[in-house]
Amino acid sequence: MESDYENPKKKNPLNSPAFRKYFRVSLVAIIVILVFVLLIWLAGARQAGIPDEIDFIQLEEPEDDNPVVIFETNIGSISAVLYPEETPEYYEYFTGLVESGYYDGTYVCAVVDSAYALGGTPDADPNGDNEGADETAIEAEISDKLWALKGSMASFVGTTGMWPFQKNCAGSTFFFVNDIDDVYMDESALKRSYGDALGSAFAEYGGIPNFTQKYTIFAQVYDGWDVFDAIMSTEVLDTSQPATDIVIERAYITTYGEAPVEVYGIPVDSSSDEESESYAETVTE
């Protein structure tokens with residue numbers, strides 16, 4: 001017996017509302033994935049805002065009247081040239097603290113992975129309450145002439161504002177910048193991320209590339225490299241606090257003409273050249 005039922009005409013599933021909805025959702029997901037991949041790629045590509053040609057004033061011998069700060073510690077002295085023209089607000093603030101005696105008796109309270117040391121704190125413990133610390137916060141002054149090369153000094157105390165409009169701030173504490181593991185300092189990779197000029201400088205002299213254009217870099221060590229290296233290689237506790245106190249017994253401001261060295265410069269990265277050894281012998285005699 002024949003059925004009176006006739007099959008309806010088959011519909012194309014690609015034209016169904018359900019498929020169109022699924023297609024739109026899938027397309028959005030694909031776009032999100034592509035954007036994510038692009039962001040990952042950009043993270044390893046050239047960073048924005050880094051000039052092709054850089055005036056590395058940290059590598060130039062200062063004039064006699066350039067201001068410097070001397071830190072007399074319980075293990076020796078470190079001298080660093082200051083840059084008032086590049087960081088005018090922080091320079092005025094920092095030198096004011098120095099001249100008031102604020103840093104006398106403060107500590108290098110932490111040495112982190114031999115990459116940097118945190119100094120200028122009233123408390124020897126990085127987790128201490130730092131009673132009496134100056135809590136001024138100054139918006140970071142970013143200069144395209146000052147970079148986080150080995151021996152640079154940077155200040156960072158926190159951020160102001162809400163994400164994504166947060167701004168880094170400088171204050172009374174400061175970093176002595178040393179160097180990071182060689183695995184992150186491949187010259188070709190550094191050039192891709194930071195351009196030929198800055199990438200080459202990081203590869204030759206060392207430093208912390210990811211500090212680039214984030215913090216107020218206000219000074220450059222030029223003397224006392226033996227003391228600098230001793231701080232970076234000191235034994236530390238689990239909190240990164242030096243096992244033996246490193247005390248800034250006195251800090252004062254003078255000029256480069258009053259505190260010169262036989263050879264001005266930053267020792268090259270020991271992993272890249274034997275020159276650093278001969279340089280270290282020259283400046284520490």
Side-chain angles (χ1 to χ4, degrees), residues 40-50 54 56 58-59 78 80 108-121 126 140 142-159 168 170 173-222 224-243 246 265-277 279-280 283:
I40 292 176
W41 180 83
L42 288 174
R46 173 72 176 268
Q47 294 198 12
I50 300 175
I54 297 174
F56 289 101
Q58 294 158 269
L59 305 181
I78 294 177
V108 174
C109 70
V111 179
V112 181
D113 297 331
S114 298
Y116 62 86
L118 178 63
T121 58
I142 307 300
S143 169
D144 62 4
K145 295 181 179 180
L146 296 170
W147 305 89
L149 301 176
K150 179 176 180 178
S152 61
M153 293 183 63
S155 179
F156 173 69
V157 296
T159 60
N168 290 336
T173 59
F174 50 78
F175 296 124
F176 288 109
V177 176
N178 188 29
D179 203 0
I180 57 176
D181 195 292
D182 291 338
V183 71
Y184 300 108
M185 300 297 279
D186 175 73
E187 185 170 4
S188 60
L190 289 169
K191 286 182 176 181
R192 286 196 302 272
S193 295
Y194 301 98
D196 288 348
L198 185 56
S200 295
F202 277 129
E204 182 174 2
Y205 297 105
I208 305 181
N210 61 351
F211 278 10
T212 294
Q213 295 182 317
K214 292 181 180 178
Y215 310 135
T216 297
I217 296 173
F218 65 95
Q220 174 64 50
V221 171
Y222 68 89
W225 288 107
D226 54 339
V227 178
F228 180 93
D229 290 338
I231 291 173
M232 295 302 169
S233 60
T234 193
E235 182 182 354
V236 297
L237 308 177
D238 290 342
T239 60
S240 296
Q241 178 182 347
I246 300 175
I266 307 173
V268 297
D269 185 1
S270 60
S271 66
S272 63
D273 200 308
E274 293 181 356
E275 182 182 345
S276 60
E277 182 177 350
Y279 178 91
V283 300

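Note: hydrogens, waters and symmetry copies are ignored here, and every other heavy atom, side chains too, is used.
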Parallel, tilted or perpendicular: which fits the ring planes of Phe175 and Tyr116, with parallel below 30° and perpendicular above 60°?
perpendicular
Calculate, to the nearest 0.5 Å, the distance between atoms CD1 and CG belonging to Ile180 and Asp113 respectively.
10.5 Å
Looking only at non-hydrogen atoms, find the nearest pair between Phe228 and Val177 and report the distance.
CZ-O, 3.2 Å
All side-chain hydrogen bond (donor to acceptor under 3.5 Å, both in side chains) counterparts of Gln58, not counting sequence neighbours
Gln220
Taking Asn178 for the side chain and Met232 for the main chain, is one N or O donor matched with an acceptor at less than 3.5 Å?
no
Is Ser152 reaching over with its side chain to a backbone N or O of Leu149, donor-acceptor style, under 3.5 angstrom?
yes
Those residues that, when tested against Val236, pass side chain to side chain contact (heavy atoms under 4.5 Å, CB included) (two or more places apart):
Val111, Thr234
Sorted by chain and residue number, the side chain to side chain contact (heavy atoms under 4.5 Å, CB included) partners of Ala80 (sequence neighbours excluded) come out as Val69, Met153, Ala219, Val221
Run the side chain to side chain contact (heavy atoms under 4.5 Å, CB included) test on Ile54 and Trp147 for me, step by step, so that the C-alpha distance in whole Å, both residues' side-chain angles and the decisive distance to 0.1 Å come before the verdict.
CA-CA 10 Å; Ile54 297 174; Trp147 305 89; 3.2 Å; yes
Asp179 and Met185 have their tightest heavy-atom pair at OD1-CE, 3.7 Å
I need the Leu118 CG to Gln241 CD distance, nearest 0.5 Å.
11.5 Å
Could you check Phe56 against Leu198 for side chain to side chain contact (heavy atoms under 4.5 Å, CB included), going step by step and ending with a plain yes or no?
CA-CA 9 Å; Phe56 289 101; Leu198 185 56; 4.0 Å; yes
CG (Asn210) with more than 12 external heavy atoms under 6.0 Å:
yes
Note: Ala148 and Phe211 closest approach over all heavy atoms is CB-CB, 3.6 Å
Side chain of Thr216, backbone of Phe218: donor and acceptor closer than 3.5 Å?
no
From Ser155 atom OG to Asn168 atom CG, the distance as rounded to the nearest 0.5 Å:
10.5 Å
What distance do Ile78 atom CD1 and Asp226 atom CG have between them, rounded to the nearest 0.5 Å?
8.5 Å
Could you walk me through whether Arg192 and Ser188 pass side chain to side chain contact (heavy atoms under 4.5 Å, CB included), step by step?
CA-CA 6 Å; Arg192 286 196 302 272; Ser188 60; 4.0 Å; yes
For residues Lys150 and Trp225, report the shortest heavy-atom separation together with the two atoms involved.
O-CH2, 4.0 Å
For Cys109 and Pro242, work out which heavy atoms get closest and say how close.
O-CD, 3.4 Å
For the residue pair Pro209 and Leu190, what are the closest heavy atoms and their distance?
CG-CD2, 3.8 Å
